[in-house]
Amino acid sequence: MNVVLNSGADSATDSINEAQTPQALIDALFLANTTVIRNRVDESCRTFFEASDAIDEMGIEGIRSKFMQCDAPTQGTTAEAYLDMFDNEVLPHCSHLASPRYLGHMTSPLPQFLPEIGRLVQTLNQNVVKIETSRGLAFLERQVIGMLHREIFGADRQFYENHLQARSSALGIFTSGGTLANISALWTAMRRAGTTGTAENSSPHADKPVIIGSALMHYSFDKGAQLLGAELHKVPVNDHCQIDLDALREAIDKYQQAGRKIACLVAIAGTTDYGSIDALDKIGEIGRQINAHVHVDAAWGGGLILSESNKHLLDGIAQADTVTIDGHKQLMLPLGCGMLFFRDPALSQLTMHHAPYAVRATSFDQGRFTLEGSRPATALYLHAALHIIGKNGYDALFSESLARARYMAQAIEARPEFELMTAPVMNILTYRYIPEKYRNQHIDDAGNIEINRFNIALQKWQRQKGDSFVSRTFRAINQYDNQGLTLLRAVLLNPLTTFEDIDFLLNDQLQIAHLLENEMAGAPATH
Ligand SMILES: *Cc1c(COP(=O)(O)O)cnc(C)c1O
């Protein structure tokens, strides 16, 4: 790689490359003025936001080939020279998740104050694993956990006075994401069931505790069940993509009759595929009847608890024993803001661990309650957002987001080329393109297989073209006798997405589909 050294004469970071003595190196690394590099990073960010994926001509294989050498640099260089290289070699190949025409991911653009709060998080570099390395921020973390706990469970003032800053338990924990929060919840449930499962080498399933949830459970539950030695049982969903309660009761009976321990019932508040929400109150009730831990995976949907006009969608969530919420989804925080909440803080004690050299048993150290060890103070993002955006602000953002989802559903139904598969409960919907010869008729299995292929090709072409984007999923669909269908999946989270952007995206797809149909007619064997 050709690195151009063209930095200004008064930049102290210049000297890194020429540093002859260790002291010169230390001065350059730790004491230099940072104005130049900060401006340089600002410039890279501007460049990024002015571009789109459409200008990245290079496919994934091409990008991959750029990262094939693995000799660590021997000689250091200046930060500016490094950023020049970054701008040329890396920046053009980053994904434009914040684009208002990118409706495929669960990542929103960040409100502009958040990256600046990120500078605080990284500059202060507090480690909230223990009180000695974070002090005020450890209590702040507990405070924001308490704020959301109160929105979810609504216990009385006295409860929060007793527990918010208690030494011996926690109302919840911060994690790197929903995956770690879900695994931590399963860990708690397994401890509560008085077992951590049997070793891998014993006969499969024979006496493992059981975790039951719908077929739409996030794959973090597969990871957690395997890790903890549990059996994960997946129950089919109804036509609204919610766990089928009769099938759930049947599964429970079956396991109970076999003498198996049911460690956990999982309810989903906002499935990753569809945004559908299980019957939280009913599952809470069933959990109590059979004395099983109830976990609500609200990684996607949980943020709605802050929205006065939409939180009814989460009715029943207060019955859960544990709840996962991802701040980096609906709450629009930077990645790394997973949370797990304990209705009863005593649950946090089931997985407590301490170490004499660091995290002490009788301290305020938060590391006693977390699967993770050292952690950044990501709670500050939520703290800042709750103060700057407020519940009213989030309420407005959610209402807008749901309105965009309803608009897109209408726009799909207004175009006969598309079939709306799942109408939005929250701000996710799925649909597919129906090639002309299959429209307005019964579609058999063979037809669906061909339509699946078509939609995969359509989604890939659209991604390659780079003007707009939706993701795709593949799921058994009730309306088609549980045949697996490829669906286009739109996530309407981005506040900057307009109705025009939605129309643009759908028309972009129609255009591509048209070309694709012509191409297929000419060469039926391809795609
Ligand atoms: C995103 C998501 C997760 C996993 O969260 P990560 O932050 O990606 O680890 C779990 N469950 C649901 C329903 C999700 O949408």
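Scope of the values below: all heavy atoms of this structure, side chains included, with no hydrogens, waters or symmetry mates. Every number for a ligand or one of its atoms is a count from 1 in the order of the listing.
Geometric assessment of R101 against the ring of F504 yields a positive cation-pi assignment under the 6.0 Å and 45° thresholds. Judged by the 6.0 Å and 45° rule, R192 forms no cation-pi pair with F342.
F159 and H163 have tilted rings, their planes meeting at an angle from 30° to 60° on a 0 to 90° scale. Classified by interplanar angle (parallel below 30°, tilted 30° to 60°, perpendicular above 60°), the ring pair W187/H353 is parallel.
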Are there any protein N or O atoms under 3.5 Å from the N or O atoms of ligand 1? List them with distances, or say none.
unit_1, atom_1, unit_2, atom_2, d
ligand 1, 5 (O), G178, N, 3.4
ligand 1, 5 (O), D326, OD2, 3.0
ligand 1, 7 (O), G178, N, 2.9
ligand 1, 7 (O), D326, OD2, 2.7
ligand 1, 7 (O), H328, NE2, 2.9
ligand 1, 9 (O), G178, N, 3.3
ligand 1, 9 (O), T179, N, 2.8
ligand 1, 9 (O), T179, OG1, 2.6
ligand 1, 11 (N), D297, OD1, 3.3
ligand 1, 11 (N), D297, OD2, 2.6
ligand 1, 15 (O), T272, OG1, 3.1
ligand 1, 15 (O), K329, NZ, 2.9

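For H328 and Y381, the distance between ring centers is not under 6.0 angstrom.
Counting heavy atoms from C-beta on, the side chains of D365 and V129 never come closer than 4.5 Å.
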